[in-house]
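The next block holds one structure in the form of structure tokens; read it before the comments.
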Amino acid sequence: MSFVSIRNLQKSYDGTAVLHGLDLGIREGEFTVVVGPSGCGKSTLMRMIAGLESVTDGEIRIGETVVNDLEPAHRGCAMVFQNYALYPHMTVAENIGYPLRLARVPRAERDRRVREVAEILGLESYLARRPKQLSGGQRQRVAMGRAIIREPKVFLFDEPLSNLDAKMRVQMRTELRRLHRRLSVTSILVTHDQVEAMTMGDRLVVMNGGRIEQVGTPAEVYARPASVFVAGFLGSPSMNLFAARTADRGAVALNGTQTADIPFDAALPAGATLTLGIRPEDVSLAPQGQHAHAGIVDLVENLGGHRVVHVRMGDVMVTAIVNQLAALREGQPVSLAFPADRLHAFSAKTGARLSI
Amino acid sequence: MSLASVAPRHGPNRWSRLNRLVRPYLYILPAIATFVIWIYEPLARAFVLSFQQWNLMPTAPRRWVGLENYENILALPRFWQALENTGLYLLGLLPMAVLLPLAIAIFTQDLSGRTRNLYRALIFVPMIVPPVVAAAVWRWMLDPHNGIVNGAIGALGGDPVRFLSDPHLALWTITFITGWKLMGFSTLVLSAANASIDGSLIEAARLDGASTWEIVRDIRLPLLSPAILLLVLMVILLGAQWSFSYIHVLTEGGPLGSTTNIYYLLWQFGFGSLSVGWSSASAVILFVGFSLIAALLFWLKAKLSFHDD
Amino acid sequence: MTDTALQAPARPVAFRLRFGTGWQRPLGHGLMILLSLLSVFPIYWMILTSLRPENEILSTRIWPDAATLDNYAYALSAIPMLRMLVNTFVVSAVVTAIQILTGILAGYGFSRWRFRGASLLMGAVALTWLVPLQVVMIPNYLLVARLGMIDTLGALILPHTASAFAILLLVQAMRSFPSEVYEAARMDGANHAHILWHIVVPNLRGTIASLAILVFISTWNEYFWPLLLTRSAQNSVVQIGLQMFITAEGTQWGPLMAASTLASLPILAIYLVLQRQVIASFMKSGLR
Amino acid sequence: MKPIVVSAALAGLTLGAAQAQTMPAEITEPVTITWYNYNLASAGNGADATRHLIDLFEAAHPNIHVEGVPVPPQNITTRVQADLVAGQQVDLVQVTFNALGFAAEALGAHALEDIVPAAELAANFEGMVQNGLDLGRIDGRTYALAYTFSTPVLYYNADIFRQVGLDPENPPQTWAQIAEAGRVIRDHSDHIPLASGMFGPSAGDWLMQGVLRSNNGGVINADRTAMTFADPASLEAVQMLRDLAQEGILVNLDVTSQLESMAAGNAAMYLQTSAVQGYLIRGAEGNYDLRATTMPGFGDLRPRPNNSGSGLAIFSQDPARQRAAWELMKFVTSNEGYTIITRDIGYLPLRMAVVESPEYLAGWVSEHPLLQPNLQQLSYLEPWTPMPGPNYVQIATTMMDAIEMAVFGDNDDVAGILTAAQTQTQGLLP
């Protein structure tokens, strides 16, 4: 049974559809990350759950209640905004305590809870300051404090880490996860950053163009992307994708010229087009002649623990990850292999995954 | 003297430094020159003249009279009445020029674009009417016998109201007209400030459980306070000048001095006739008085809005 | 490039928060309609009265019945109204242009550099607001006379070549201009004049537009300084013309309303045409 | 044109007189003079008639060009002063009588006796009403010739009189009768019983001077060294006005509203200058029966009306321009000039010939009965006394503020208010 369930949710502005009927169920206590490129509708989805955008059609349910027409405050959601939306004229304590003040919680009780929350977030010594006097990470914590103190049924995070510097972002990522473990509140986080998505979510919701492409655990989504879009969007460096054509006896011709005998048992007629994908870490690379495909090293990026090698193969580029020991120079001829069990195939027409 | 010998060696450097030093002053020069020539030089001269009795005529005697001009002004029976009236004007203007526009700005902010623009456009219209015309039209409309307003009151069974000649009403009538003219300007200033409030703050407050009124009270008003303070400041410092045209055209300070504010009184006694001593002393009193008030207000503003910036 | 660089990222329009509930909303609209009527009715009444024949001038009927242009014909023949309108327009336009120019220069000077005496000079600029107009009028008149400019439009313009309001507003606007853009332009090799005219000014269009409107209106409506200068009706402005219908021997209401309508029409027309931009530029101008 | 020819001839005869060398007998070279004029500053009859006068004059004197400078009446002294200081050419000025003292003592208006040959002056004064000439004199010297001037008259609405049962043929002649009629009007109609132009900054003190003087009081003594508006006779007159106000007969509206109330037929009686006659006639036409009578007196005392309006004063330093200005002054105060002024603007002629001779306005006067009380008062008209010294405006304003307060204020202590103000204004005398 889903805790937050969304049925056929649609949104349009002045007749232009932004969300085309989403269906999604989120389990209680789960940390869900909604990920997708900017403009995919993920923020709109979140704001609709929060009640900041009206629902054009469909249904949002939190717990047992349909919340479509409920005031934001009555939905039991707390939200952390991308720019934190801290009240500039209030101190940290006042910011955190504001929801309680609105709920007419007595002062003593309020103070106690503000201190409690501040302790969780390590903000005790900043309570009298104003947002302007805080660093980015501290502001981010205040925003979380303001969300936590309401003891919401659902936490909503709208790109909460995007205004932080790289180091702080990594640190806040783990802090957020720890916090979630401690509070076990259903959380939804929206981000365009696939690393954030992979590392933080119990489950991912990948969106594109106002539609949900795939829902699953990070491992599932990474291992079996449901579409070309998901395959290309998640993973860094991203998956190699080739235009291909089926040949006789289930073999596939890559890229027209280079052919490879890839066993392919899908019921596709010979000569059908499709997209083949393989993650860079699955490409094997060897000195010249050892493998089926020949290429020339174009560029080597050294990442310390491993290297990313860009290989020119005819007129396509292939990205491969190799370990540190392999000696590779730019301009050096190499041969490549694509292990058959590591290949992903997608319909050229719809982009949907085909089973191999 | 060393310039000639040093110039060849350090010339370009020195010039560019001089250039850099002088540049800011060059940019503000046209404005400052205007103010010095057309405002501060006359003001300085007025300061000197305020201790003299003279009518500017080259042939006439010029006599030092010390503080006599100031004493004469402060001894005017109407002086304290005018001071009190000035306060009453401000009291009346603040709701019309600040509170009402504030309410309009906040209310219209949440309307659809078209309705909002229509309301704001209409409310701005009085701003563009020349003051002489505004005074004439209102006087025409408020006439006790032939005015449409009293026509309406009469039709409803009331007695004609002498808006401009009843000593208890005239001041408020002038205040109303001044406020009527200002309302659109204030509305625009406050609407602009209101529109620039970060929308996510409002959304955050809604999620925190704030009602519309609580959002206004806890978020909008505190964030609008710099704009509100600025308007309050303008009304206090310039309100007396703004009402001047209407007093001048509509009541000439009467009846019984009930509409005379400090600005009009000093004008009447100082600038109305060209007695330089009176007018200079009046000017100095006005300038120094309002400058002191301004200093006080800015001090207060800095103290009150310290956290907003 | 800077135009887009300065814009905030577009965000979806939030659905409007409803103001109050139930009865409060119609009440709000009712009040707004009342206030709008209050704002516009006097102008309507002015136009209406100007169209009434002389023997019906005292009428309080809300609709025009026997409309006539007699009052206009009289107003146009009694004073050189058209000439005065042209004069007023020229003076207002020139004053607006100059005040904005000096305001932009001073605004840049004050906002770009810290220099000795800056805050003192800034204070002096602000304090000009508090100097009563009347005290400077006679000395200014004498100066204009020394310059041999009595009875010229130039005399109406000259003392208004700078305004504290324009400077203060532009300083504020320029101070909130992101300094990275200045620096980027400096790195690109632009000098100060170039930065000012090609980068700062185009980005302050909103502020400048709303400022221009306010300056234009206040110059158009100025009365006391032209009153002192007027020597011939041909070289005077329309506010003086209006006053000519108000005399101790009685006010000529019909012609006055006709002349007032003529005096307000140009500015009303400009406003109606530009109304949307006026309000939009106010919103963007940082007049806050 | 006859008088001009006569005076020019006379001027020729007196060429050898003492002042002749300072002012040429005639203008031979083209000259331009300025005429500071407030009729030109308003649209309407006054401006049209003034331009007409200038055209006629220029046609008769091709060498003289007149540049009219329009200035509203309340600004005229300020403006003349500013222009004199600025070195502008100021020749002939239409000076309001309250500023006459200031114009003569501070601004350097010439006494005609100083610049015009005596015989020529005497010849020109011939036929002028003696009382009228006195209006422009200070200490026996003529600084201005009454130009647009008028007297206070009591307008009344005969229809209202009939409606409440008063006899319009016998209008009130004394303040007691006004009070009596006022009570009837107050009790039997909604109209304003008595409007007036006595109060308000733009009214100045002229009408009040006449009212107080009619009770043998006054605002200032004869040699202008002591304020007298709190003296018993003046006090009594002010007290009488207060009683009228307290009874709801005299109202305190601003000057313009009172005028408009009368014009619209909402006021029964209206004490004001004859200069507003034209405006009232336009309002009354086809609306109600407008009439006028002489200014009311106190009991058996003869009323002592004074004048409102302006005189012409010469400021030129250059002899040729003095001559040109004097010619213009002579022309506009000639029979022809006054004919135009009286008929087209509505002021009084200083020459009785204008209203008596059929050659000029005799016929016109008989068609305009409203002028009668005015003409009647010419024979006992007294000048409006200007306050002396540089503080003349402040003295008059302070005094009138006090009298307004004494008449309409909440404080019954009329003597106290007036005495305090008298002490105060006394200190402002030179």
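Throughout, protein chains are lettered first and strands after them, A, B, ... in sequence-line order, and every chain is numbered starting at 1. Just so it is clear, the values below take in all heavy atoms, side chains as well, and ignore hydrogens, waters and symmetry mates.
The only member of C:Phe115, C:Trp113, C:Phe110 that meets ring-ring contact (aromatic ring centres under 6.0 Å, His included) when paired with B:Tyr27 is C:Trp113. Tested against B:Phe35 for a side-chain contact (heavy atoms from CB on, under 4.5 Å), the candidates C:Leu121, C:Leu127, C:Ile167 yield a single pass: C:Ile167.
Listed here is the closest heavy atom pair of C:Arg116 and B:Tyr25: O-OH, 2.6 Å. Among all heavy-atom pairs drawn from C:Ile217 and B:Met127, the shortest one is CG2-O, 3.6 Å. When all heavy atoms are compared, the tightest approach of C:Leu130 to B:Ala294 is CD1-CB, 3.9 Å. Annotation for C:Phe224 and B:Ser245: closest pair CE1-OG, 4.4 Å, computed over non-hydrogen atoms. Contact record, B:Pro30 with C:Leu105: CG-CD1, 4.2 Å, taken as the closest heavy-atom pair. Of all heavy-atom pairs spanning B:Pro131 and C:Asn221, the tightest one is CD-CB, 3.5 Å.
For C:Leu37, no part sits under 4.5 Å from any heavy atom of chain B, backbone or side chain. Using a 4.5 Å cut-off between heavy atoms, C:Met137 makes no contact with chain B at all. With a 4.5 angstrom heavy-atom cutoff, B:Met183 touches chain C only via side-chain atoms. Interface residue B:Thr115: only side-chain heavy atoms are found under 4.5 Å from chain C. Within the 4.5 angstrom heavy-atom criterion, only side-chain atoms of B:Ile32, from C-beta onward, approach chain C. There is no contact between B:Leu21 and chain C, counting heavy-atom distances below 4.5 Å. The part of B:Phe176 that comes within reach of chain C is its side chain, from C-beta onward, which places non-hydrogen atoms under 4.5 angstrom from that chain. With a 4.5 Å cut-off on non-hydrogen atoms, C:Leu256 touches chain B through its side chain but not through its backbone. Neither the backbone nor the side chain of C:Ile98 comes within less than 4.5 Å of any heavy atom of chain B. For B:Leu238, the part sitting under 4.5 Å from any heavy atom of chain C is the side chain, from C-beta outward, and nothing else. Heavy atoms closer than 4.5 Å to chain C are found in both the backbone and the side chain of B:Ala136. Only the side chain of C:Thr49 comes within less than 4.5 Å of a heavy atom of chain B; its backbone N, CA, C and O stay farther away. For B:Trp140, the parts sitting under 4.5 Å from any heavy atom of chain C are the backbone and the side chain alike.
Residues B:Phe185 and C:Leu214 form a side-chain contact, since some pair of their non-hydrogen atoms from C-beta on lies under 4.5 Å apart. The side-chain heavy atoms of B:Leu286 and C:Val131, taken from C-beta on, include no pair separated by under 4.5 Å. Two residues are said to be in side-chain contact when any heavy atoms from C-beta on lie closer than 4.5 Å; C:Ser264 and B:Pro130 meet this criterion. C:Leu31 is not listed as a side-chain neighbour of B:Phe107, based on a closest heavy-atom distance of 4.5 Å or more. In this structure, the side chains of C:His29 and B:Leu111 come closer than 4.5 Å at one or more pairs of heavy atoms. Using a 4.5 Å heavy-atom cutoff, the side chains of B:Leu237 and C:Trp129 are not in contact. Between C:Leu158 and B:Trp38, some side-chain heavy-atom pair lies under the 4.5 Å cut-off. Residues B:Leu100 and C:Leu35 are in side-chain contact: their nearest non-hydrogen atoms beyond the backbone lie under 4.5 Å apart.
Looking only at heavy-atom pairs under 4.5 Å with chain B, the residue among C:Leu242, C:Leu143, C:Thr102, C:Ile246 that has the most is C:Leu143. With chain B as the partner, the residue from C:Phe216, C:Phe41, C:Phe245 showing the most heavy-atom pairs under 4.5 Å is C:Phe41. Options B:Arg45, B:Glu41, B:Gln241, B:Arg139 differ in how many heavy-atom pairs under 4.5 Å they form with chain C, and the most are formed by B:Arg139. Note: B:Tyr119 leads B:Tyr119, B:Phe287, B:Phe290 in heavy-atom pairs under 4.5 Å with chain C. Between chain B and the options C:Thr261, C:Val125, C:Leu133, C:Ile104, heavy-atom pairs under 4.5 Å are most frequent for C:Val125.
Of the possible donor and acceptor atoms, one in the side chain of B:Tyr40 sits under 3.5 Å from a partner among the backbone N and O of C:Ala124.
Atom CD1 of residue B:Ile128 and atom CG of residue C:Leu265 lie 9.5 Å apart, to the nearest 0.5 angstrom. Here the CD1 atom belonging to C:Ile213 is positioned 9.5 Å from the CG atom belonging to B:Leu188, to the nearest 0.5 angstrom. The NE2 atom of C:His192 sits 11.5 Å away from atom CG of B:Leu26, with the distance rounded to the nearest 0.5 Å.
B:Arg20 CZ: 12 or fewer foreign heavy atoms inside a 6.0 Å radius.
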